[in-house]
2 protein chains.
Amino acid sequence: MNVRTLCLAILYFGDATGYEIKKLSMEGKYSHFVDASFGSIYPALNRLESAELVTCREEIQPGKPARKVYSITEAGKQEFLKALSEPPKEDVFRSEFLLIAICAEIVGPEHISRALDIRMDQLRKDIEHFRTMLDGQIQGATKWTIKYGLTCFEASLAYLENERHELEQIAASATREAAE
Amino acid sequence: MNVRTLCLAILYFGDATGYEIKKLSMEGKYSHFVDASFGSIYPALNRLESAELVTCREEIQPGKPARKVYSITEAGKQEFLKALSEPPKEDVFRSEFLLIAICAEIVGPEHISRALDIRMDQLRKDIEHFRTMLDGQIQGATKWTIKYGLTCFEASLAYLENERHELEQIAASATREAAE
DNA sequence: ACCCTTCTATATCAAATCGATATATGCCGG
DNA sequence: CCGGCATATATCGATTTGATATAGAAGGGT
């Protein structure tokens, strides 16, 4: 999924500035399955404007930097629906934590415990964020999608809570053997 | 996690060619949490060789293209252990499927059903792959890591199996309302 | 009063990475 | 005997990341 489609998706449901698109993709209902940096959003919006899939109006505020508010055009909506109707590409999952975990035999138990702590804290924070969103006025497909994320993250955290000691033992045993 | 660290990780546990690194990262025990293209692996190996973190020997076979087999050096091992000991960055999850799901109200029920079918097929294939790997001679941290992936993917599939009809109903209702 | 951090908001740029393409041979099944 | 697949290299334009720069408002702490 490219940044172009992400911008169209967010603009489909309402006007936004580049900054707001970034914020929505990091904190909003899209946050657990998309991401994009400023360095890709601003060029993407310029390309979309050139292709007339979005329009831009500048809101000039005295003393403040101008807000560039983007709106999707009819052609942009068509383009977005076309992109959505294509079969989805495989989900992508990248985990530095699991690279550390799979190397438990060589990194030492303290590092494993710290990596587990960090990852579990992240998961708890994300789960709390999901719960907060569900307490709001979320409905329909958005609610379904957030509950999906919540379910996956809870399963992940449960595994770590139940099985972390096993990985820590593997790391400890390997360290002991190396010392012999 | 950059391709550089991925190459060092794979070479830490044994010599490999660029092609084999790609294959391991797609089909092996790393497959569910890393990925890299040839376009990033070959330049990364060249950079690692320049930095003397790996060495390369060419195995020339008459009539066949030469195999470039890379080995990690002592400095490379130190560098890899150093990279592992840094706190892990947040896991990354990107899903085109969930972008379609969150747009259930606007894409139409057939597209939703098809996207669900595709995603569930992928998950079943991945789960089967995990099971096959666990039937082999997998042990220790690798087994723990694969079981983690299996648990997460099973939870994901279970949610889709139990709740897909709800999303399909949301899509169907929205289409009916739009027709009025 | 002053400083420091955070938030809003823009944008650029080198470096890394993706995804497609090119090339060449061996091997297996139809 | 042909087509497709696996092995194996490599390049290249386009995209994306991650860091950095700029700048005013707003708020908290000392």
Side-chain angles (χ1 to χ4, degrees), chain A residues 1-8 10-11 15-28 33-51 54 56-70 83 86 88-94 96, chain B residues 1-8 10-11 15-28 33-51 53-54 56-70 83 86-94 96:
Chain A
M1 176 182 27
N2 47 27
V3 176
R4 175 194 155 95
T5 308
L6 170 63
C7 289
L8 286 176
I10 289 177
L11 293 175
D15 295 356
T17 66
Y19 183 82
E20 285 165 345
I21 289 173
K22 168 78 173 163
K23 234 188 109 186
L24 274 169
S25 74
M26 291 192 71
E27 296 167 25
F33 63 92
V34 298
D35 201 16
S37 59
F38 288 125
S40 59
I41 289 172
Y42 287 119
L45 286 170
N46 288 331
R47 271 178 271 142
L48 285 168
E49 200 185 356
S50 301
V54 306
C56 175
R57 65 174 189 280
E58 253 177 282
E59 287 183 6
I60 299 155
Q61 300 146 288
K64 291 181 197 174
R67 274 165 55 93
K68 285 191 179 179
V69 182
Y70 291 90
E86 268 159 52
K89 289 190 211 119
E90 268 214 62
D91 286 12
V92 171
F93 178 63
R94 295 289 94 87
E96 217 158 278
Chain B
M1 177 183 25
N2 48 26
V3 176
R4 176 193 154 93
T5 309
L6 169 63
C7 290
L8 287 176
I10 289 176
L11 294 175
D15 294 355
T17 65
Y19 183 81
E20 285 165 347
I21 289 173
K22 168 78 173 164
K23 233 188 108 185
L24 274 169
S25 74
M26 291 192 73
E27 297 167 25
F33 63 91
V34 297
D35 201 16
S37 61
F38 288 125
S40 60
I41 289 173
Y42 287 118
L45 286 170
N46 287 331
R47 268 176 273 141
L48 285 168
E49 199 184 358
S50 301
L53 301 178
V54 305
C56 174
R57 62 175 190 280
E58 252 176 285
E59 287 183 6
I60 299 155
Q61 299 146 290
K64 290 181 198 172
R67 272 166 56 92
K68 286 191 177 178
V69 182
Y70 291 89
E86 267 158 53
K89 289 189 211 120
E90 267 214 63
D91 287 11
V92 172
F93 177 63
R94 296 288 95 86
E96 218 158 276

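Basis for what follows: all heavy atoms, side chains included, without hydrogens, waters or symmetry-related copies. So you know, we letter chains A, B, ... as the sequences are listed, proteins then strands, and number each from 1.
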Give the rounded distance in Å between these two atoms: [atom1] of [X] and [atom2] of [N].
{"X": "B:L45", "N": "D:dT11", "atom1": "CG", "atom2": "P", "result": "13 Å"}
{"X": "A:I41", "N": "D:dT16", "atom1": "CD1", "atom2": "C1'", "result": "11 Å"}
{"X": "A:E27", "N": "C:dC7", "atom1": "CD", "atom2": "P", "result": "8 Å"}
{"X": "A:M26", "N": "D:dT17", "atom1": "CE", "atom2": "C1'", "result": "13 Å"}
{"X": "A:R67", "N": "D:dG24", "atom1": "CZ", "atom2": "P", "result": "18 Å"}
{"X": "A:M1", "N": "D:dT16", "atom1": "CE", "atom2": "P", "result": "10 Å"}
{"X": "A:E59", "N": "C:dA9", "atom1": "CD", "atom2": "C1'", "result": "12 Å"}
{"X": "A:I21", "N": "C:dT8", "atom1": "CD1", "atom2": "C1'", "result": "15 Å"}

Please tell me which of the listed nucleotides, [options], lies nearest to the side chain of [X]?
{"X": "B:Y42", "options": "D:dT7, D:dT11, C:dT10", "answer": "D:dT11"}
{"X": "A:K23", "options": "C:dA9, C:dT8, C:dA16", "answer": "C:dT8"}
{"X": "B:R47", "options": "C:dA9, C:dT17, D:dA8", "answer": "C:dT17"}

Does [N] have its OP1 or OP2 closer than 4.0 Å to a side-chain nitrogen or oxygen of [X]?
{"X": "B:Y19", "N": "D:dT9", "answer": "no"}
{"X": "A:T17", "N": "C:dT10", "answer": "yes"}
{"X": "B:K22", "N": "D:dT9", "answer": "no"}

Where the side chain of A:E86 meets the backbone of A:A83, is there a donor-acceptor pair that is under 3.5 Å apart?
no

Heavy-atom pair with the smallest gap, counting every atom of A:E58 and A:A66
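The pair with the smallest heavy-atom distance is OE2-CB, 3.7 Å.
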
Which atom of A:D15 lies closest to which atom of A:E20, heavy atoms considered:
O-OE1, 4.4 Å

Closest nucleotide of DNA chain D for A:R4 versus for B:P43: which of these residues is on the 5' side?
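Its nearest nucleotide lies further toward 5', so the answer is B:P43.
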
Validation row: A:R94, B:K89 side chains within 4.5 angstrom (heavy atoms):
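Counting from C-beta outward, A:R94 and B:K89 never come under 4.5 Å.
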
Can you find a heavy atom in the side chain of A:L6 that is under 4.5 Å from one in the side chain of A:D35?
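In short, these two side chains do not touch, never coming nearer than 4.5 Å.
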
Between [atom1] of [X] and [atom2] of [Y], what distance do you get to the nearest 0.5 Å?
{"X": "A:I21", "Y": "A:M26", "atom1": "CD1", "atom2": "CE", "value": "14.5 Å"}
{"X": "A:L11", "Y": "A:T17", "atom1": "CG", "atom2": "OG1", "value": "9.5 Å"}
{"X": "A:R57", "Y": "A:R67", "atom1": "CZ", "atom2": "CZ", "value": "8.5 Å"}

N/O donor to acceptor pairs below 3.5 angstrom from side-chain atoms of residues 36-49 of chain B, sequence neighbours left out:
from: B:S40; atom 1: OG; to: B:S37; atom 2: N; distance (Å): 3.4
from: B:S40; atom 1: OG; to: B:S37; atom 2: O; distance (Å): 2.9
from: B:N46; atom 1: ND2; to: B:Y42; atom 2: O; distance (Å): 3.4

Under-3.5 Å N/O pairs linking protein and nucleotides 18-22 of chain C:
from: C:dC18; atom 1: OP2; to: B:S37; atom 2: N; distance (Å): 3.3
from: C:dC18; atom 1: OP2; to: B:S37; atom 2: OG; distance (Å): 3.4
from: C:dC18; atom 1: OP2; to: B:S40; atom 2: OG; distance (Å): 3.0

Over the length of the helix from C:dA1-D:dT30 to C:dG30-D:dC1, how much do the five-pair end axes diverge, rounded to 10 degrees?
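It works out to 40° between the end axes.
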
Go through the steps to decide whether B:R4 and B:L53 satisfy the test side-chain contact (heavy atoms from CB on, under 4.5 Å), and finish with yes or no.
CA-CA 10 Å; B:R4 176 193 154 93; B:L53 301 178; 3.6 Å; yes

